[in-house]
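This report refers to the structure that appears directly beneath it.
As a basis for the values below, the full set of heavy atoms in this structure was taken, side chains included, without hydrogen atoms, waters or symmetry mates.
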Amino acid sequence: MADASLVGRLLVATPQLGDPNFVRTVLLVVQHRDEGAVGVVLNRPSEVAIEQVLPNWAGLASGPQVVFRGGPVSPEAALCLARVSGGEEPMGWKCLEVPGLEDLGLVDLDAPPVMLAYKLAGLRVFAGYAGWDAGQLENEIGDGSWYLLPAIAADPFSEDPRALWQRVLRRQGGQLAMLATMPDDPALN
């Protein structure tokens with residue numbers, strides 16, 4: 001891969017991105033290889049309680065304890081992100097290996113929750129994901145569809161996920177911070 005890995009970086013939808021699946025979304029890239037990339041939308045909680053679909057994991061989830069809409073690809077499949085407290089890696093958890101986010105990884109939902117419960121510092125379940133073929137994500141970034149920004153540890157587990165797009169933009173300062181105040185429909189301004 002010619003470019004550095006984007007794993008652990010945020011993709012923040014620009015106003016030019018018109019795809020309704022991604023308007024005002026914040027995605028975390030969880031995989032980036034020559035073959036393509038995978039990410040999950042961090043700010044689209046559903047109305048489905050985790051307890052309804054994964055009752056054994058419900059008590060371990062960060063609030064709000066609902067399944068998030070991770071993206072339009074395979075919405076029937078679940079992907080789970082978790083932060084673990086320091087020390088050795090628990091069984092059923094795989095680190096994303098991102099500098100500064102060493103405690104962030106993916107959970108195998110087939111693993112017994114008790115194997116991870118004592119180490120969890122945050123857990124979120126996503127239905128579906130966003131996927132890009134080789135070079136597609138890089139092209140979308142180059143075309144101005146996404147701002148590529150650094151993530152902080154709290155982003156994937158925000159207790160107010162619907163405000164994440166604005167919060168991420170505000171902390172960048174400058175023009176991006178001003179963009180965070182833009183109304184959903186600028187024509188109504």
Side-chain angles (χ1 to χ4, degrees), residues 6-32 37-54 57-58 60-83 96 98 100-101 103-107 109 120-132 137 140-141 144-173 175-186 188:
L6 302 179
V7 172
R9 302 290 304 272
L10 294 179
L11 299 172
V12 179
T14 70
Q16 292 88 320
L17 184 58
D19 183 335
N21 290 305
F22 299 111
V23 171
R24 289 195 178 216
T25 56
V26 177
L27 285 89
L28 178 72
V29 178
V30 297
Q31 184 180 65
H32 183 227
V38 172
V40 289
V41 176
L42 300 178
N43 61 332
R44 293 257 171 101
S46 74
E47 300 298 320
V48 178
I50 291 175
E51 188 171 88
Q52 291 178 306
V53 290
L54 294 166
W57 291 96
L60 302 173
S62 302
Q65 293 186 335
V66 296
V67 175
F68 279 63
R69 283 174 262 154
V73 180
S74 297
E76 70 288 345
L79 187 143
C80 182
L81 280 175
R83 284 179 57 200
L96 290 181
V98 177
L101 297 174
D103 62 349
L104 184 62
L106 296 170
V107 171
L109 290 169
L120 289 178
L123 182 130
R124 185 139 292 158
V125 176
F126 300 88
Y129 60 92
W132 295 268
L137 177 56
E140 289 181 14
I141 293 168
S145 295
W146 301 102
Y147 298 117
L148 183 61
L149 301 172
I152 61 172
D155 289 338
F157 308 101
S158 171
E159 290 186 21
D160 185 12
R162 294 186 193 278
L164 188 60
W165 187 81
Q166 290 86 357
R167 272 196 322 277
V168 170
L169 289 174
R170 273 191 204 106
R171 74 178 182 232
Q172 307 309 310
Q175 288 187 319
L176 290 182
M178 289 180 57
L179 182 63
T181 63
M182 185 178 98
D184 288 341
D185 183 354
L188 299 176

[X] to [Y] - nearest heavy-atom pair and separation:
{"X": "Asp19", "Y": "Asn21", "answer": "OD1-N, 2.8 Å"}
{"X": "Gly63", "Y": "Arg124", "answer": "O-NH2, 2.7 Å"}
{"X": "Ala82", "Y": "Leu120", "answer": "CB-CD2, 3.6 Å"}

Side chain of [X], backbone of [Y]: donor and acceptor closer than 3.5 Å?
{"X": "Asn43", "Y": "Val26", "answer": "yes"}
{"X": "Ser62", "Y": "Leu123", "answer": "yes"}
{"X": "Arg170", "Y": "Leu179", "answer": "no"}

Exercise for review: Given salt bridge (charged side-chain N to carboxylate O under 4.0 Å, His left out), test Arg171 with Asp155 step by step and report yes or no.
Suggested key: CA-CA 12 Å; Arg171 74 178 182 232; Asp155 289 338; 2.6 Å; yes
Exercise for review: State which residues pass side chain to side chain contact (heavy atoms under 4.5 Å, CB included) with Ala127; sequence neighbours excluded, sorted by chain then number.
Suggested key: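 Expected list: Val67.
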**Study point:** Donor-acceptor side-chain pairing of Ser158 and Arg167 below 3.5 angstrom
**Key:** yes
Review point. Could you state the interatomic distance from OG (Ser46) to CZ (Phe126), rounded to the nearest 0.5 Å?
Key: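 Reported value, rounded in 0.5 Å steps: 11.0 Å.
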Review point. Of all residues at least two apart in sequence or in a different chain, which pass the side chain to side chain donor-acceptor pair (under 3.5 Å) check with Ser145?
Key: none
Check your understanding: For atom CD of Gln175, is the number of surrounding heavy atoms from other residues, nucleotides or ligands below 6.0 Å larger than 12?
Key ->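 Incorrect, the count does not exceed 12.
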Check your understanding: Which residue, Leu42, Val29, Leu27, forms the side chain to side chain contact (heavy atoms under 4.5 Å, CB included) with Leu10?
Key ->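 When Leu42, Val29, Leu27 are each tested with Leu10, the side chain to side chain contact (heavy atoms under 4.5 Å, CB included) holds only for Leu42.
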